[in-house]
Participant: 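Here it is, the structure in full.
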2 protein chains.
Amino acid sequence: MNQKDLYILLYLAQKTQLQQSFKTSTSLIAAELGISQQTVSRKLLDVASAGMIQRRVTLSGVEIRMSPEGRKHLFSLYGDLKHLFTAKQELIGAVTSGLGEGRFYMKQPLYKKQFQSILGYVPFAGTLNLIVDRFAVDAFLATKKMQYINGFVTKKRSFGGLRCYPILIHNTNNTINAALIIPDRNIHGHDTVELIAAECLRTVLQVKNNDEVVVQ
Amino acid sequence: MNQKDLYILLYLAQKTQLQQSFKTSTSLIAAELGISQQTVSRKLLDVASAGMIQRRVTLSGVEIRMSPEGRKHLFSLYGDLKHLFTAKQELIGAVTSGLGEGRFYMKQPLYKKQFQSILGYVPFAGTLNLIVDRFAVDAFLATKKMQYINGFVTKKRSFGGLRCYPILIHNTNNTINAALIIPDRNIHGHDTVELIAAECLRTVLQVKNNDEVVVQ
DNA sequence: ATTACTAGGTTCCGAGTAA
DNA sequence: TTTACTCGGAACCTAGTAA
């Protein structure tokens, strides 16, 4: 079967739920897929001759079933996608110096209270900054659960909200629960992320600037 | 993006593992996919302008990344396939009279012994025969685990092997563990399957000929 | 009403080649 | 070496229509 006809097979798989037979007509499929009746007729013949479906012409249209080969073909695609989406995602970053701002933020009681309830611990007063690939961050975070830390206002100034992703951070020295945070008012570009944990990450991981750590 | 270009996106998803960037060249992809360099160049432009990938031309080729939209697109496909393949499969059949052969077979000690070890019980001496859709059987059994019952020879005659699938059978009256068996020497067409259980299924399910039961 | 053939029009592909 | 344009030819799609 031509790779390009995959969408036809997917359509038929949906309609047959992979096992029931499906009574329809070429013009009905044509209307649903936005192509001509003639093309549907031809495509069904193609897909059937590739052994992907069983096709029977009746008085009132066509009756279609997925064949074992068709199911096998789609199952293999399913396996590939499953592998891609469930593979352990990780983000590699190099340690860099923060601006010392993190320490100030982490001391705010209204942040601390929220972190305690979301993460189960009060973070160490200081963040570990990592230089990462901005695109890799997007992809990595897409697979992680986000929890929002609300901003607030004090007499002196206002503090913005933060997106907080619980993660695991490790290098050759250690592995610890931590959280990746992205302030709404981001002082870094998207090439830098901040990590917080119950303890001082620099100490626990025994890292200095430019050392690599892995976030999972 | 054109539905037909899905195979390109799948190829790129594999190569990038959905998140890493992937340095390659149009001619390299062309060779791997068996199409021309020119077509690859055009397809990459198409897929990129559909927002599915991020593409950067470098001195030595192209660098490709999946975009969030591309991942979303594939994730939705993954979800569809997952739904299809993990949906609870069931087989509906109508009770019919056997030829009384089942009872004879079920009395053979060498079958009984194997059933005991595979199913955990000695089946009732008699089978319940169901008329089913032969294609639906294939599809249904494809999702089930098969266990083989060996044939054997006695002084009087030889007995063939059986394929045995542990299943759940139910109707409005009851639900019980049972097994679907398909003799290697099938006396029925593929339109009939035989079911065995610890007890007499006709009695437990309170069924007579033509009543419907569901096999899961 | 169907499916599916033929014919012609459109799209798509790839060889050549510019940048 | 690249990517990607032009353009001729191949592949593909759909209108018309037979069965």
Side-chain angles (χ1 to χ4, degrees), chain A residues 1-16 20-67 69-70 73 77 133 135, chain B residues 1-16 20-67 69-70 73 77 133 135:
Chain A
M1 190 190 66
N2 193 323
Q3 282 280 48
K4 295 185 186 176
D5 295 341
L6 186 62
Y7 75 108
I8 301 273
L9 202 62
L10 285 166
Y11 168 87
L12 296 174
Q14 293 284 358
K15 290 294 182 181
T16 60
Q20 289 124 38
S21 86
F22 166 53
K23 285 171 188 160
T24 181
S25 77
T26 51
S27 40
L28 213 141
I29 300 176
E32 285 195 40
L33 294 178
I35 54 181
S36 73
Q37 174 271 320
Q38 294 86 340
T39 297
V40 172
S41 172
R42 188 162 30 76
K43 288 291 174 198
L44 289 183
L45 286 165
D46 291 350
V47 176
S49 79
M52 297 291 164
I53 61 165
Q54 277 145 357
R55 175 184 142 283
R56 220 185 68 199
V57 178
T58 65
L59 291 154
S60 60
V62 280
E63 190 178 336
I64 291 159
R65 258 175 235 280
M66 296 298 293
S67 72
E69 290 93 313
H73 190 83
L77 174 62
D133 179 313
F135 297 103
Chain B
M1 190 191 67
N2 192 323
Q3 281 280 44
K4 295 186 185 179
D5 294 341
L6 185 62
Y7 75 107
I8 303 273
L9 202 63
L10 285 166
Y11 168 87
L12 297 173
Q14 293 284 358
K15 290 294 182 182
T16 59
Q20 289 125 38
S21 86
F22 166 54
K23 284 171 189 160
T24 180
S25 77
T26 51
S27 40
L28 214 141
I29 299 176
E32 285 195 40
L33 293 179
I35 53 181
S36 74
Q37 175 271 319
Q38 293 86 339
T39 296
V40 172
S41 173
R42 191 159 25 77
K43 289 290 174 198
L44 289 183
L45 285 166
D46 291 350
V47 176
S49 79
M52 297 291 164
I53 60 166
Q54 275 144 358
R55 176 184 142 283
R56 220 185 68 199
V57 178
T58 65
L59 291 153
S60 61
V62 280
E63 190 178 337
I64 291 159
R65 257 177 235 281
M66 295 298 293
S67 72
E69 291 92 313
H73 190 83
L77 175 62
D133 179 312
F135 297 103

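Below, chains carry the letters A, B, ... as their sequence lines are ordered, and counting in each starts from 1. On a predicted model such as this, the values are computed, not experimentally measured, just so you know.
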Participant: When you measure from the side-chain N and O atoms of Thr26(A) to the phosphate of dT3(C), is any distance below 4.0 Å, counting only OP1 and OP2?
Facilitator: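 Answer yes for this pair, as a side-chain N or O of Thr26(A) is under 4.0 Å from OP1 or OP2.
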
Participant: Grab the CD1-C1' distance between Ile35(B) and dT11(C) for me, whole Å please.
Facilitator: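 In whole Å, dT11(C) C1' and Ile35(B) CD1 are 16 Å from each other.
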
Participant: Between Asp5(B) and Gly61(A), which residue's closest nucleotide on DNA chain C lies nearer the 5′ terminus?
Facilitator: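 Looking at the nearest nucleotide for each, Gly61(A) comes out on the 5' side.
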
Participant: Apply side-chain contact (heavy atoms from CB on, under 4.5 Å) to Lys4(B) and Asn2(A), showing your working.
Facilitator: CA-CA 10 Å; Lys4(B) 295 186 185 179; Asn2(A) 193 323; over 6 Å; no

Participant: Separation of Leu44(B) atom CG from dC13(C) atom C1', in whole Å?
Facilitator: 15 Å

Participant: Between the side chains of Ser67(B) and Gln54(B), does any donor sit under 3.5 Å from an acceptor?
Facilitator: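 Gln54(B) and Ser67(B) do not have a side-chain donor-acceptor pair below 3.5 Å.
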
Participant: Locate the shortest heavy-atom distance separating Gly51(B) from Glu69(B); write the atom from each residue and the value.
Facilitator: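 Result for this residue pair: O-CB, 3.4 Å.
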
Participant: For a quick check of understanding: with a heavy-atom distance under 4.0 Å over all strands, which category does Ser25(B) fall into, base, sugar-phosphate or nothing?
Facilitator: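 Here Ser25(B) touches the backbone only, sparing every base.
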
Participant: Could you check how far CG of Asn2(A) sits from C1' of dC12(C), rounded to whole Å?
Facilitator: 12 Å

Participant: So, is Lys43(A) near the phosphate of dC13(D), with a side-chain N or O under 4.0 Å from OP1 or OP2?
Facilitator: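 Answer yes for this pair, as a side-chain N or O of Lys43(A) is under 4.0 Å from OP1 or OP2.
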
Participant: Would you tell me if any nitrogen or oxygen in the side chain of Arg42(A) comes within less than 4.0 Å of OP1 or OP2 on dA4(C)?
Facilitator: no

Participant: Can you find a side-chain donor-acceptor pair between Glu63(A) and Thr58(A) that sits under 3.5 Å?
Facilitator: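 The answer is no; no qualifying pair exists.
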
Participant: Give me the atom names and distance for the closest heavy-atom approach of Val62(A) to Thr26(A).
Facilitator: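 Scanning both residues, the minimum pair turns out to be CG2-N, 4.3 Å.
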
Participant: Give a yes/no answer on whether the side chain of Thr39(B) brings an N or O atom under 4.0 Å of OP1 or OP2 in dG14(C).
Facilitator: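 Affirmative; the distance criterion is met.
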
Participant: Can you see if the side chain of Ser60(A) gets near the phosphate of dT2(C) - specifically, an N or O under 4.0 Å from OP1 or OP2?
Facilitator: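 Answer no for this pair, as no side-chain N or O of Ser60(A) is under 4.0 Å from OP1 or OP2.
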
Participant: Which one, dA4(D), dA4(C), dG14(C), comes nearest to the side chain of Ser36(B)?
Facilitator: dG14(C)

Participant: Just N and O in the side chain of Lys4(B): are any of them under 4.0 Å from OP1 or OP2 of dA11(D)?
Facilitator: no

Participant: Output the rounded distance in Å from CZ (Arg56(B)) to P (dA4(D)).
Facilitator: 13 Å

Participant: Please give, in whole Å, the distance from dA11(D) P to Asp46(A) CG?
Facilitator: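 Going from CG in Asp46(A) over to P in dA11(D) covers 14 Å.
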
Participant: In whole angstrom, give the distance that lies between atom CD of Gln37(A) and atom C1' of dA4(C).
Facilitator: 7 Å

Participant: Please report the distance, rounded to the nearest Å, between CD in Gln38(B) and P in dA10(D).
Facilitator: 16 Å

Participant: Can you check the Leu28(B) CG to dT3(D) C1' distance for me, whole Å?
Facilitator: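 Checked: the CG to C1' distance equals 14 Å.
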
